[in-house]
Amino acid sequence: MIPKQLIDILKKDPKVVVLTGAGVSAESGIPTFRDALTGYWSKFDPQELATRRAYSANPAMVWQWYAERRQTALDCDPNPGHFALAELEKMLSNFLLVTQNVDGLHQRAGSKNVIDVHGNIDRFKCFDHNHPVDSWEETDKLPPLCPKCGSWVRPDIVWFEEMLNTEQIEKAWDASKQCHVFLSVGTSSVVYPAAALPEIALEDGAILVEINPNETPLTRYANFVISKPSGEALPTLIEAVTRNT
Ligand code: BV8
């Protein structure tokens with residue numbers, strides 16, 4: 001499943017950047033983003049719900065959507081793919097994990113050098129001033145209100161048409177430019193600016209590896225394509241690279 005040439009490259013302690021998307025958490029039981037809508041939510045488009053506009057129009061409903069997704073994330077466990085990436089980090093002297101996922105599973109699996117470019121569903125801030133919020137007065141009204149300014153509490157994640165954290169995306173940008181190997185794992189590669197990271201890595205001569213059971217717009221540019229679930233492919237990759245090291 002893992003090309004020998006890729007194993008030999010990874011044995012040479014290259015600079016590695018990994019970009020993950022919702023596919024990495026699929027085997028943990030978390031629906032991927034574009035099928036994150038089951039049941040009641042099935043009549044909504046996530047790209048419509050994950051916006052300031054939707055929150056302004058229907059804060060209680062969108063709060064509930066995130067509350068259910070948060071509970072799912074907290075009830076799920078990291079899968080072998082998450083643990084394999086934590087292992088890969090330990091094996092390499094220069095490694096960065098950039099995740100689009102907001103579920104926190106990489107950190108729970110032991111990954112240390114992680115940038116969660118779209119935020120974390122279990123972190124909160126306020127709608128009007130981005131005040132960090134870690135507790136609030138429980139009332140029967142939702143969303144809860146910011147203790148500092150009284151505006152709605154919201155998840156500390158990046159909605160569509162919101163800017164990503166400049167420092168974070170610049171760090172991810174720089175690492176992608178300098179890396180020798182870029183692994184794109186479990187992402188549909190359609191959401192920018194995260195989807196630009198593998199493009200930058202390629203422009204600067206990196207080897208591009210894609211791990212995804214399905215094709216994406218990136219597939220045709222990849223040097224290595226592993227069309228398997230990440231929970232299977234990543235542990236196999238680690239095992240191959242550590243074998244008779
Ligand atoms: C920005 C948090 C500047 C929220 C997310 C027009 C108007 C306005 C904006 C735009 C526009 N055109 C383009 C844009 C920019 C826009 C964008 O890229 N849109 C796309 C969709 C066209 N980007 C933005 O808005 C970004 N901000 O650009 O600011 C700006 C400012 C003002 C105006 C314009 C621009 C902000 C983007 C961040 C959005 N927030 N998440 C939440 O979670 O609720 S993004 C969301 O999509 C998730 O974070 C998710 O991670 C991310 C990407 O999706 P994927 O992770 O790839 O998940 P997906 O389900 O799509 O795919 C899963 C993949 O896994 C599949 O390929 C599948 O095959 C694979 N898979 C399945 N099982 C497995 C597997 N792989 C491996 N193993 C398995 N077992």
Side-chain angles (χ1 to χ4, degrees), residues 1 18-38 41 44-55 61-73 76 78-85 97-106 114-125 154-166 168-170 172-173 183-199 209-220 222 225-237:
M1 176 198 315
V18 180
L19 173 67
T20 60
V24 161
S25 296
E27 290 153 273
S28 293
I30 299 183
T32 61
F33 192 74
R34 277 151 191 77
D35 53 43
L37 298 171
T38 47
W41 305 110
F44 297 100
D45 169 0
Q47 275 163 217
E48 283 309 307
L49 275 189
T51 61
R52 276 187 80 85
R53 197 171 41 253
Y55 213 70
M61 183 195 77
V62 181
W63 171 269
Q64 192 51 40
W65 180 48
Y66 282 103
E68 288 175 18
R69 285 177 58 196
R70 181 178 312 111
Q71 199 52 56
T72 302
C76 289
N79 66 60
H82 293 106
F83 290 114
L85 288 174
L97 172 56
V98 181
T99 188
Q100 300 171 91
N101 299 339
V102 296
D103 57 35
L105 287 185
H106 286 301
V114 183
I115 300 182
D116 40 22
V117 287
H118 293 161
N120 184 312
I121 203 165
D122 201 24
R123 237 181 12 231
F124 301 89
K125 61 183 185 179
R154 55 163 283 184
D156 184 8
I157 56 175
V158 181
W159 279 326
F160 285 96
E161 298 172 39
E162 286 192 319
M163 302 298 280
L164 278 65
N165 173 293
T166 314
Q168 285 191 330
I169 197 68
E170 279 174 3
W173 210 270
L183 284 99
S184 176
V185 190
T187 178
S188 55
S189 298
V190 294
V191 175
Y192 284 80
L197 297 174
E199 296 165 5
V209 183
E210 182 176 56
I211 299 177
N212 191 325
N214 303 306
E215 285 220 354
T216 74
L218 196 63
T219 309
R220 58 205 289 246
V225 178
I226 301 168
S227 312
K228 294 279 181 196
S230 50
E232 208 182 300
L234 286 168
T236 307
L237 179 111

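Positions are given from 1, in the same order as the sequence printed here. Indexing begins at 1, ligand by ligand and atom by atom, following the structure's order.
- Here's the thing with W65: none of its N/O atoms is less than 3.5 angstrom from an N/O atom of ligand 1.
- R69 counts as a contact of ligand 1, since one of its heavy atoms falls under 4.0 Å from the ligand.
- Looking at ligand 1, you won't find any N or O of T216 less than 3.5 Å from one of its N or O atoms.
- Under the 4.0 angstrom criterion for non-hydrogen atoms, P213 is in contact with ligand 1.
- The side chain of A50, and not its backbone, has at least one atom closer than 4.0 Å to an atom of ligand 1 (non-hydrogen atoms only; side chain from C-beta on).
- Legend: residues meeting side chain to side chain contact (heavy atoms under 4.5 Å, CB included) with A195, ordered by chain and number and at least two apart, are Y192.
- Every atom of ligand 1 with a heavy atom of Y66 under 4.0 Å away is listed here by number and element: 4 (C), 42 (C), 44 (O).
- Centroid-to-centroid, the aromatic rings of Y55 and W159 come within less than 6.0 Å.
- The shortest heavy-atom contact between G29 and T72 is O-CG2, 4.2 Å.
- When heavy-atom distances to ligand 1 are checked against a 4.0 Å cut-off, A26 comes that close only through its side chain, counted from C-beta outward.
- Taking a 6.0 Å sphere around CE of M163, one finds it holds 12 or fewer heavy atoms contributed by other residues, nucleotides or ligands.
- When only interatomic distances are considered, the shortest N/O to N/O separation between G186 and ligand 1 falls below 3.5 Å.
- Taking the six-membered ring for Trp and thresholds of 30 and 60 degrees, H106 and H82 have ring planes more than 60 degrees apart, a perpendicular arrangement.
- Near A22, meaning under 4.0 Å from one of its heavy atoms, ligand 1 places the atoms 55 (P), 56 (O), 58 (O).
- Of all the heavy atoms in S184 and S189, the pair that sits closest is OG-OG, 4.1 Å.
- For ligand 1, the atoms closer than 4.0 angstrom to any heavy atom of S230 are 77 (C), 78 (N), 79 (C).
- In this structure, the side-chain hydrogen bond (donor to acceptor under 3.5 Å, both in side chains) partners of Q64, at least two apart in sequence or on a different chain, are E68.
- Near Q47, meaning under 4.0 Å from any of its heavy atoms, are these atoms of ligand 1: 21 (C).
- Looking at I157 against ligand 1, only its side chain comes within 4.0 Å, counting heavy atoms.
- Per-residue contacts place P229 under 4.0 angstrom from the following atoms of ligand 1 (heavy atoms of the residue considered): 78 (N), 79 (C), 80 (N).
- Heavy atoms from other residues, nucleotides or ligands lying under 6.0 Å from CD of E215 number 12 at most.
- When only interatomic distances are considered, the shortest N/O to N/O separation between S188 and ligand 1 falls below 3.5 Å.
- Counting all heavy atoms, side chain and backbone alike, A73 lies closest to L105 at O-CD2, 4.4 Å.
- The atoms of ligand 1 that sit less than 4.0 Å from any heavy atom of E27 are 78 (N), 79 (C), 80 (N).
- Distances below 4.0 Å separate heavy atoms of G21 from the following atoms of ligand 1: 56 (O).
- Distance check, rounded to the nearest 0.5 Å: CG of N165 to NE2 of H118 gives 11.5 Å.
- An N or O contact shorter than 3.5 Å is missing between P193 and ligand 1 by distance.
- Every atom of ligand 1 with a heavy atom of N214 under 4.0 Å away is listed here by number and element: 68 (C), 69 (O).
- Between P217 and V190, the shortest heavy-atom contact is CG-CG1, 4.3 Å.
- When non-hydrogen atoms are compared, ligand 1 lies under 4.0 Å from the backbone of V190 (N, CA, C, O) but not from its side chain.
- Distances from atom 5 (C) of ligand 1 to the heavy atoms of E232, Q100, H118, E161 show the closest one on H118.
- With V18 as reference, L97 is the one residue of V98, V114, L97 to meet the side chain to side chain contact (heavy atoms under 4.5 Å, CB included) rule.
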